[in-house]
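Everything below concerns the one structure shown next.
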Amino acid sequence: MATTHTRAAARLTLAPSVILLLAWMAIPLAMTLYFSTLRYNLLMPGMESYVGVENYGWFLTDPAFKAAIVNTLTLVLGVLAITLIGGTALALLLDQPMWGQGIVRLLVIAPFFVMPTVSALVWKNMLMHPVNGLFAWIAQSLGMEPVDWFAELPLFSIIVIVAWGWLPFATLIILTALQSLDSEQREAAEMDGAGPVSVFAYITLPHLARALTVVVLIETIFLLSVFAEILVTTNGGPGTATTNLAFLIYAQALLQYDIGGASAGGVIAVILANIVAVFLIRMVGKNLES
Amino acid sequence: MGAIALQGVKKSFGGVAVIPGVDLEIENGEFVVFVGPSGCGKSTLLRLIAGLEDASGGMIRINGKDATALPPARRGLAMVFQSYALYPHMSVYRNIAFPLKMAGVDKAEIDRKVRGAAATLNLTDYLDRRPGQLSGGQRQRVAIGRAIVREPAAFLFDEPLSNLDAALRVSMRLEISELHQKLGATMVYVTHDQVEAMTMADKIVVLNRGAIEQVGSPLELYRSPANLFVAAFIGSPKMNLIEGAAAAAHGANTIGVRPEHLTLSREAGDWKGVVTIAEHLGSDTFLHVEGEGVGAVTARVSGEFGAGPGDTVHMTPEAGRVYRFGADGKAMA
Ligand SMILES: Nc1ncnc2c1ncn2[C@@H]1O[C@H](COP(=O)(O)OP(=O)(O)OP(=O)(O)O)[C@@H](O)[C@H]1O
Ligand SMILES: [Mg+2]
């Protein structure tokens, strides 16, 4: 149906949104690139001067940068591990016929609707607080020393909080995939002599591969830039123990007022995110095709 | 070895008794076909035998041993599903090998058996493909291959040909019959197509609303249907069932005459009628006749019969080929 005429018309009508999108991306990127080449400190307005790639040098050689990279990766991988394993387990449970299934499913999904800042505050003040927290109370009632989560296991605590927020998402996607599994396939496997573990390993898990891929892709995109949970709980500390790349850039810009350095960090983050994306798509794209 | 016996087997879903109680003997090496209209419980009965549904009552014996509580894998039966239920992410080879792998058979043995089954079923060229890359008939054969490598006591088929086109159905029908001859294994086959039932079965089980109406060889069911349901179900085109005065003349509530047992004549006969539609198949002619006092009747005439719509014909049932049924629907002696 696509004649030259209609195609031209289509391009014309598409143009405004395409231009808007491009501008939306290109202008901030261009400005970031520009700022990253300036010595630009908010405490010294009007003193901006061109310094070339010096900001990049500073940012990359900052010891906090290496820590931030490690923290970012640990955070992403940790949350992925918890949500994939936990999500699969929960989805398998929720797929069993049981009483009150609808309500239980709704409850499981609920954390996804809680804002990260709110959930982080709840975790910080009501659950993980070393004096008032629920965990401390449990530990004390069992006669144990309460753990000061954010001081002793800061990154682990952040991972738990973020994973809690993403677990419902993973569960939901995996549950829908599970429900689309042809029951005759499972029955055929049962007749072929496969026990529950073999059915899971040979039938269910391969069937879930695509859904798990989607979860990994989407979560990775968002987890690379976790921010609110860190800001609300540990503020990147103690030291740089919970500073990820996003938080490091924020600290550079708004705590040290160094716009040039923060911009350079932003550009580096964009490049790193793209590298991760390329790897992910390579690794995972195959799964989506078949 | 594959004798199956059902004794008073019941199945209810919720409060609904889908199978109110079935007794059936299936002998070793027999080809048994379950036929019946849609929803009559054929699949349910097959799944009860397979162990995929738990019986609500009664006993299932396989080779004389009580198997009612055994899980499907331990019954030694293999099933071919209507949807084939192939494992989509495994190659044909791995699909066929799967039951052997689960049984812990060693690699060399698996390879030998899989290649043997593939050769039997003409699948050797497709062993590396995924099920998604196969035609319907090939998928069907993979499903059968997966069943035969286990050397089961009996094969269970649930409408295995219903997803295939007419020509393929005929050739797969032959292949399954040949396989039965070759393996000599017991086969239980579910279909709602009575032609499949008639051509393949040693023994046909006609089901209606979860109950067995009649059990017998195809010709027994054709020659002496036990009741109206079986009479109307077996045979194509359907038996003509006539009530009223014409039936009373034979001392019955209803009489049945098969279309092929009506003799047609232009001049004289028992029942007079007007042709409404004539279907010329070359080898046969099917005439739909509106008979006086007997209602709509189908007649089958060998070869060509020169009659068209509007023509008057006379029909006479062959002597000894009139089935008589009482008021309760049962055949009268
Ligand atoms: N899991 C179930 N829960 C409730 N009712 C069921 C269930 N499975 C089957 N039934 C009912 O049992 C009856 C028999 O079903 P079954 O699948 O055995 O029919 P069938 O003879 O195989 O029909 P078809 O030729 O259409 O496949 C149907 O009325 C069906 O609605
Ligand atoms: Mg069925």
Side-chain angles (χ1 to χ4, degrees), chain A residues 84-85 87-88 91-92 95-102 170 173-217 281-290, chain B residues 43 46-53 70-91 94-105 110 129-133 139 142-160 163:
Chain A
L84 289 182
I85 296 170
T88 308
L92 284 173
D95 197 34
Q96 307 297 320
M98 61 177 167
W99 187 82
Q101 202 167 38
I173 301 250
I174 296 169
L175 181 62
T176 42
L178 214 49
Q179 285 169 338
S180 73
L181 177 58
D182 178 14
S183 65
E184 286 198 345
Q185 258 178 50
R186 208 175 326 184
E187 288 172 349
E190 256 176 65
M191 293 216 59
D192 283 345
V197 177
S198 298
V199 170
F200 178 75
Y202 292 106
I203 310 297
T204 315
L205 208 53
H207 176 78
L208 291 181
R210 202 179 292 203
L212 294 174
T213 307
V214 170
V215 172
V216 168
L217 269 177
I281 302 268
R282 278 265 175 88
M283 215 168 62
V284 141
K286 266 188 298 173
N287 248 335
L288 286 178
E289 272 164 25
S290 66
Chain B
S43 300
L46 198 72
R47 290 165 60 84
L48 282 167
I49 296 175
L52 295 171
E53 304 278 359
L70 280 186
R74 308 237 338 260
R75 297 192 181 196
L77 308 175
M79 183 147 166
V80 176
F81 292 83
Q82 182 173 0
S83 67
Y84 314 142
L86 299 178
Y87 310 129
H89 50 274
M90 296 184 196
S91 64
R94 293 222 297 138
N95 261 284
I96 299 178
F98 188 73
L100 299 174
K101 187 170 166 183
M102 288 301 112
V105 177
I110 291 183
R129 297 221 196 151
R130 296 275 176 101
Q133 301 163 321
R139 279 181 219 184
V142 177
I144 295 174
R146 198 172 62 185
I148 61 177
V149 285
R150 294 175 53 198
E151 293 162 14
F155 291 89
L156 311 175
F157 294 91
D158 192 353
E159 306 205 18
N163 291 340

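Order of the sequence lines fixes the chain letters, A, B, ..., with proteins taken first and strands second; residue numbering starts at 1 for each chain. Since this is a predicted model, take the numbers as computed values, not measurements.
The candidate from B:Pro72, B:Ser83, B:Ala50 with the greatest count of non-hydrogen atom pairs under 4.5 Å with chain A is B:Ser83. The residue among B:Pro88, B:Gly51, B:Pro71 with the most heavy atom pairs within less than 4.5 Å of chain A is B:Pro88. When the candidates B:Ala143, B:Ala73, B:Ala147 are compared by the number of heavy-atom contacts under 4.5 Å with chain A, B:Ala73 comes out ahead. Ranking A:Arg186, A:His207, A:Glu187 against chain B, the residue ahead of the rest is A:Glu187, based on heavy-atom pairs under 4.5 Å.
In this structure, no portion of B:Arg74 lies under 4.5 Å from any heavy atom of chain A. In this structure, no portion of B:Ala103 lies under 4.5 Å from any heavy atom of chain A. For chain A, no part of B:Leu100 is nearby; none of its heavy atoms comes within less than 4.5 Å.
For A:Leu84 against A:Val216, the heavy-atom pair with the smallest separation is CD1-CG2, 3.7 Å. Of all the heavy atoms in A:Ile203 and B:Met90, the pair that sits closest is CD1-CE, 4.5 Å. What you find for B:Arg75 and B:Ile49 is that their closest heavy atoms are NH1-O, 3.0 Å. Here the closest heavy-atom approach between residue B:Val80 and residue B:Pro160 is recorded as CG1-CB, 4.3 Å. Across all non-hydrogen atoms, the minimal contact from B:Glu53 to B:Leu48 is O-CD2, 3.7 Å.
Here the two rings, on A:Tyr202 and B:Tyr87, have centers that are 6.0 Å apart or farther.
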